[in-house]
Amino acid sequence: MSARLVLLLVACAAASPAAAQSRPPAASAGERPLRRIEFDVGGGLTSGGRLGGGDANLRANAPARQAFRLFAAESEFAPAPAVHARTAFAFSRRFTVEGGAELSRPEIRTAITADAEGAAPVTSVERVDQYVFDASVLMMLDALRIGTRLVPFVAAGGGYVRQLHEGRTVIEHGQLYQAGGGVKYWLLARPGGFMRSAGLRGDVRLQLVRGGIALADGPRPHVAVSGSLFVGF
Amino acid sequence: MKAIALAAAAAVALAQPAQAYLQFTTTRAGESIVLKWPRSPVRWFAGDRAAPGVSAAEFQAAVARAFATWEAVPTASIAFQFVGPTGAEPFDDDGISVVGFQDEPGMDRVLGATGFLIDTVTGEIVEADIFLNSAIPWSTAPAGDPAAFDVESVALHEIGHFLGLGHSALGETEARPDGGRRVIASGSVMFPIAFGRGLIHDRELQPDDVAGVSDLYPDGNFRRQTGVARGRVTRGGTGVQGAHVIAFHQATGRVVAGFTLDRDGGFQIAGLAPGPHIIRVEPLDDADTESFFSRRTPVDIGFQVTFHTRLVVAPAGGEGDMFAVMVTPK
């Protein structure tokens with residue numbers, strides 16, 4: 001059953017022979033090799049996200065139990081550049097699985113306001129080392145191919161988030177779920193040879209992070225944009 | 001004269017604070033020695049006097065609940081043993097630790113006090129006595145009595161002294177027309193000024209109290225599970241002594257505080273949850289400075305409340321990096 005499915009998908013991915021024949025053979029997305037291993041390195045930007053708020057409270061001198069706010073604090077992850085490396089395996093023309101690691105160093109920015117004794121508002125910061133180890137499945141959308149070399153794709157996956165607080169003494173763990181899409185632009189695609197493919201790739205992903213550094217319940221959304229260079233063997 | 005809720009620690013050995021939370025110390029050959037009980041359980045007796053509205057049995061039960069509250073701190077190893085009622089008076093040097101009422105109408109601002117007999121060589125507490133002033137109206141009503149102070153709440157504070165803890169400055173006050181101070185809010189049972197009549201909030205220990213007693217009597221996991229923030233407070237490059245430093249852990253809402261204890265403005269706050277903390281430095285102006293430090297200690301209160309611009313990470317089982325908070329004059 002699965003073999004039949006794979007064959008069917010391969011057939012779908014190769015169902016544009018006219019376009020393939022009209023492209024230069026060394027850079028045809030339609031001729032990208034099967035069962036290739038690709039390596040991908042690049043960088044991008046991860047959007048910031050709200051972490052949550054929490055007041056520093058004392059107990060008010062009142063009969064009912066009431067909080068007395070000493071000051072208010074609201075924290076967020078600031079946008080940060082990220083670098084990544086991925087390894088991918090195309091088991092059909094349409095589907096690729098990939099796994100990788102991403103490193104970023106976002107700042108946690110905590111806005112402190114409303115001090116009970118009138119202290120000036122400030123923003124306290126901390127830089128975090130964030131590592132994401134993830135795996136995704138990519139589906140190439142050959143039917144939406146643009147020109148001869150540009151193929152859009154959609155992707156979805158999940159991963160593990162490891163965050164080290166400043167000083168690298170406290171580690172937080174979380175999970176990441178992501179979905180998005182992008183395009184791959186082939187500079188080289190050929191069925192044989194040592195380097196069988198090469199190109200550029202752009203990604204946009206919506207990421208939901210659960211756990212890790214968090215001040216509020218529920219997953220926290222981020223948007224990640226990246227670009228990379230890939231080579232296939 | 002209306003009684004003000006000043007729960008003073010008449011600690012015979014109160015000299016210089018050693019660490020955050022102001023542990024009581026004595027000085028020997030220039031070295032500070034922390035006062036603490038050498039062994040557990042600590043035996044205590046209840047005075048057999050009653051006070052208007054509170055029988056001796058009710059008093060004993062309320063004080064026993066307060067001892068149990070301290071004993072229940074999971075990260076501290078101290079325990080107590082109630083021996084029985086006694087006709088002995090608090091503050092008699094008789095080798096037994098007594099908690100009881102005494103009629104002190106001349107001390108109309110003092111709810112209670114704690115005194116020690118200590119071994120000045122080792123810092124071991126030999127005897128500690130607590131009195132509650134029966135000239136002030138008291139209650140042991142489960143929900144409090146609006147006309148009286150709560151025995152259990154004040155006993156919980158005094159037992160903190162009994163254990164060797166000094167006062168916490170985690171609170172806000174305002175000046176009263178009669179010259180005293182009224183509590184607006186408090187974040188610690190060990191704050192020197194009690195809540196008003198009828199309030200029972202101080203029957204529950206706060207994170208600052210838990211950190212203090214756990215630092216003094218740590219159980220096996222306390223040091224491993226918590227961290228220490230350490231740093232300096234400076235003004236114009238010079239250390240600020242007697243500054244109050246608050247560490248707020250946003251993820252848990254825990255507020256724990258300490259003081260700068262030397263001329264360099266150095267401080268360390270133990271018992272912090274692992275992770276980042278907001279650091280706030282304030283002058284010690286919400287109570288008489290002698291509630292915290294000896295008269296000889298030059299306490300600087302001439303600076304503005306200041307937040308550190310970095311979040312400070314307390315590691316589990318260790319000390320964070322040193323940092324400095326620079327404050328500016330008022």
Side-chain angles (χ1 to χ4, degrees), chain A residues 50-78 107-129 163-173 211-217, chain B residues 5 143-144 146 170-173 182-188 191 193-196 198-202 204 206 227 246-255 273-283 285-286 304-321 328:
Chain A
R50 185 177 177 275
L51 279 171
D55 295 344
N57 289 324
L58 307 180
R59 302 162 302 160
N61 188 5
R65 291 187 184 272
Q66 296 172 11
F68 173 88
R69 187 171 65 188
L70 188 59
F71 57 86
E74 183 77 30
S75 294
E76 64 171 14
F77 263 122
E107 271 187 347
I108 296 176
R109 294 178 183 164
T110 301
I112 304 165
T113 57
D115 185 81
E117 294 187 84
V122 299
T123 298
S124 289
V125 298
E126 177 207 356
R127 193 170 287 284
V128 174
D129 288 352
Q163 294 164 323
L164 275 72
H165 285 284
E166 207 161 81
R168 295 170 168 254
T169 51
V170 179
I171 302 170
E172 312 258 10
H173 309 275
I213 297 171
L215 299 172
D217 294 334
Chain B
L170 202 49
E172 296 296 324
T173 64
R182 190 190 85 87
V183 176
I184 299 171
S186 162
S188 170
F191 192 65
I193 309 174
F195 286 120
L199 299 194
I200 58 171
H201 305 336
D202 271 348
E204 293 175 17
Q206 299 301 298
I246 294 169
F248 172 54
H249 188 240
Q250 209 181 353
T252 60
R254 292 176 56 179
V255 183
H277 289 74
I278 294 170
I279 300 295
R280 178 181 187 267
V281 180
E282 64 178 0
D285 56 5
D286 279 301
Q304 297 180 16
V305 177
T306 305
F307 287 96
H308 189 35
T309 54
R310 304 291 300 179
L311 297 172
V312 171
V313 178
E319 297 178 344
D321 295 336
T328 53

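Just so we're on the same page: letters track the sequence lines, and every chain starts at 1.
The ring-ring contact (aromatic ring centres under 6.0 Å, His included) check on His277(B) picks up His249(B), with sequence neighbours excluded. Remark: Phe68(A) pairs with no residue by the ring-ring contact (aromatic ring centres under 6.0 Å, His included) rule, at least two apart or across chains.
Looking only at heavy-atom pairs under 4.5 Å with chain B, the residue among Ala119(A), Ala67(A), Ala56(A) that has the most is Ala56(A). Per-residue counts of heavy-atom pairs under 4.5 Å with chain B were compared for Gly167(A), Ala214(A), Pro63(A); the largest is that of Pro63(A). In terms of heavy-atom pairs under 4.5 Å with chain A, the best-connected choice from Thr309(B), Thr306(B), Val305(B) is Thr309(B). Between chain B and the residues Pro121(A), Gly118(A), Ser75(A), Ala120(A), the largest count of heavy-atom pairs under 4.5 Å involves Ser75(A). With chain A as partner, the option from Ile279(B), Ile278(B), Val255(B) having the largest number of non-hydrogen pairs under 4.5 angstrom is Ile278(B).
Side-chain N or O atoms of His201(B) include one that pairs as donor or acceptor with a backbone N or O of Ala62(A) at under 3.5 Å. A donor-acceptor pair under 3.5 Å links the side-chain atoms of Asn61(A) to the main chain of Val183(B), judged by distance alone.
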Step-by-step side chain to side chain contact (heavy atoms under 4.5 Å, CB included) determination, Leu311(B) to Val125(A): CA-CA 5 Å; Leu311(B) 297 172; Val125(A) 298; 6.0 Å; no
May I have the step-by-step check of side chain to side chain contact (heavy atoms under 4.5 Å, CB included) for Glu117(A) and Asp285(B), ending in yes or no? CA-CA 11 Å; Glu117(A) 294 187 84; Asp285(B) 56 5; 3.9 Å; yes
Determine, stepwise, if the pair Leu70(A) / Ile246(B) fulfils side chain to side chain contact (heavy atoms under 4.5 Å, CB included). CA-CA 11 Å; Leu70(A) 188 59; Ile246(B) 294 169; 3.8 Å; yes
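With a 4.5 Å cut-off on non-hydrogen atoms, Ser188(B) touches chain A through its backbone but not through its side chain. Of the two parts of Ile184(B), the backbone and the side chain both hold a non-hydrogen atom closer than 4.5 Å to a non-hydrogen atom of chain A. With a 4.5 Å cut-off on non-hydrogen atoms, Gln250(B) touches chain A through its backbone and its side chain both. Heavy atoms closer than 4.5 Å to chain B are found nowhere in Leu51(A), neither backbone nor side chain. Interface remark: Glu74(A) contributes backbone atoms only to the contact with chain B (heavy atom separation under 4.5 Å). When heavy atoms are compared at a cutoff of 4.5 Å, Val122(A) approaches chain B solely by way of its side chain, counted from C-beta outward. Residue Arg254(B): no heavy atom, backbone or side chain, is found under 4.5 Å from chain A. Only the backbone of His308(B) comes within contact range of chain A, with at least one heavy atom under 4.5 Å from a heavy atom of that chain.
Shown here for Pro276(B) and His165(A), the closest heavy-atom pair between the two residues is CD-CE1, 3.4 Å. Shown here for Leu58(A) and Gly171(B), the closest heavy-atom pair between the two residues is CD1-CA, 4.0 Å. Annotation for Asp55(A) and Phe248(B): closest pair O-CZ, 3.3 Å, computed over non-hydrogen atoms.
No side-chain donor-acceptor contact under 3.5 Å links Ser124(A) and Arg310(B).
A salt bridge is defined here as a Lys NZ or Arg NE, NH1 or NH2 lying under 4.0 Å from an Asp or Glu carboxylate O, and Glu204(B) with Arg65(A) meets this definition.
The CG atom of Asp321(B) sits 8.5 Å away from atom CD of Glu166(A), with the distance rounded to the nearest 0.5 Å. To the nearest 0.5 Å, atom CD1 of residue Ile112(A) and atom CZ of residue Arg280(B) are 10.0 Å apart.
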